[in-house]
Amino acid sequence: MSGIDDVRRELVGLHEELRRNKLVAWTSGNVSARVQDSDLVVIKPSGLSYDELTAQSMVVVDLDGNVVQGDFAPSSDTATHLYVYRALERVGGIAHTHSPYATAWAAHGEPIPCVLTAMADEFGGEIPVGPFARIGGEEIGMGIVATLAEHRSPAVLMRSHGVFTIGASARDAVKAAVMCEDVARTVLLARSLGELHPLDVDDIEALYDRYQNVYGQRPAGREVR
Ligand SMILES: [Zn+2]
C-alpha cells in the first residue's frame with residue numbers, strides 16, 4: 001500500500017474482515033494503518049456503523065492526533081493507536097476488537113497458554129495480558145507497548161477490555177486478531193476437557209522459526225516480532 005487513498009480503500013476491506021470473522025458487534029472494533037514513509041495514520045471514524053464505512057469516511061491523523069483529512073471524528077481509540085505507532089517504528093498496522101472468546105480470557109485476566117502448534121507459529125508463545133487502563137488517554141497504549149516488549153506475540157489481551165494486535169501491515173494486524181480469537185476459542189474448549197499442557201520451549205522455538213522464516217510463499221519472513 002502506498003498512497004493515502006490506497007490505504008483508505010484497504011481499511012474498508014479490513015473492517016469488513018472483522019465483521020466477516022465475527023470479531024465485532026455494533027460499532028466496536030477498529031483498524032488503523034500507517035501511511036508508508038510518512039507520519040500519517042488512517043483510522044476508522046468514531047461511531048459510524050460498519051455499513052456506513054467507505055474509503056472517504058476514513059480519517060487521516062498525524063502522530064500527534066491532529067486530523068489532517070476527514071469529515072468525521074477519528075475512533076475514540078485513536079490515542080491508543082498513535083501511542084503504539086510512536087513507540088514501535090516497525091508497526092505498520094493495528095487492530096482492536098472485543099472478540100468474545102479472546103475477551104473472555106481478558107475478562108478473566110489470564111494469558112492464553114501456548115498449547116497449540118498454531119499458537120507457537122503465530123504468537124511464538126502465550127498471548128499475554130496487559131494491565132487494566134481507562135479508555136481515552138495514553139494509558140492503554142503504554143500498557144500495550146510494555147506488555148508486548150516482553151513477548152513475541154503480535155496480540156495482547158488488555159485486562160477487562162479486549163484485544164489489540166500489531167503487524168507490519170494493517171492486514172497482518174487483522175490476521176493476528178482473527179487467529180487470536182480462533183485459538184482463544186479452541187484453548188477454552190480444550191480446558192473444558194481437562195488440564196492444559198503447554199508446549200515445550202524447544203518445540204515452540206522450532207515451530208516459530210519454521211513458520212516465520214520458511215512456511216508459505218512470501219519471499220522472506222515479514223511478520224512483526
Ligand atoms: Zn475497546
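The chain is numbered in sequence order, starting from 1. Ligands are counted one by one from 1 in listed order, and the atoms in each one are counted from 1 as well.
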Visitor: Test your reading of the model: is there a side-chain donor-acceptor pair from Lys22 to the backbone of Ser99, 3.5 Å cut-off?
Guide: no
Visitor: Suppose the cut-off is 2.8 Å; which protein N/O/S atoms would you list for the Zn ion (ligand 1)?
Guide: His96 NE2, His98 NE2, His161 NE2
Visitor: Kindly say whether Pro100 contributes a backbone atom to a donor-acceptor pair with the side chain of Thr103 at under 3.5 angstrom?
Guide: no
Visitor: Out of curiosity, does Val163 fall in the hydrophobic cluster containing Tyr83 (side-chain heavy atoms, cut-off under 4.5 Å, transitive links)?
Guide: no
Visitor: Under 6.0 Å from the ring centre and within 45 degrees of the ring axis: does the NZ or CZ of Arg152 meet both conditions for the six-membered ring of Phe123?
Guide: no
Visitor: Let me know which of Ile166, Ile140, Leu148 forms a side chain to side chain contact (heavy atoms under 4.5 Å, CB included) with Val84.
Guide: Ile166
Visitor: Quick one: does any side-chain atom of Tyr50 pair with a main-chain N or O of Ser28 as donor and acceptor, under 3.5 Å?
Guide: yes
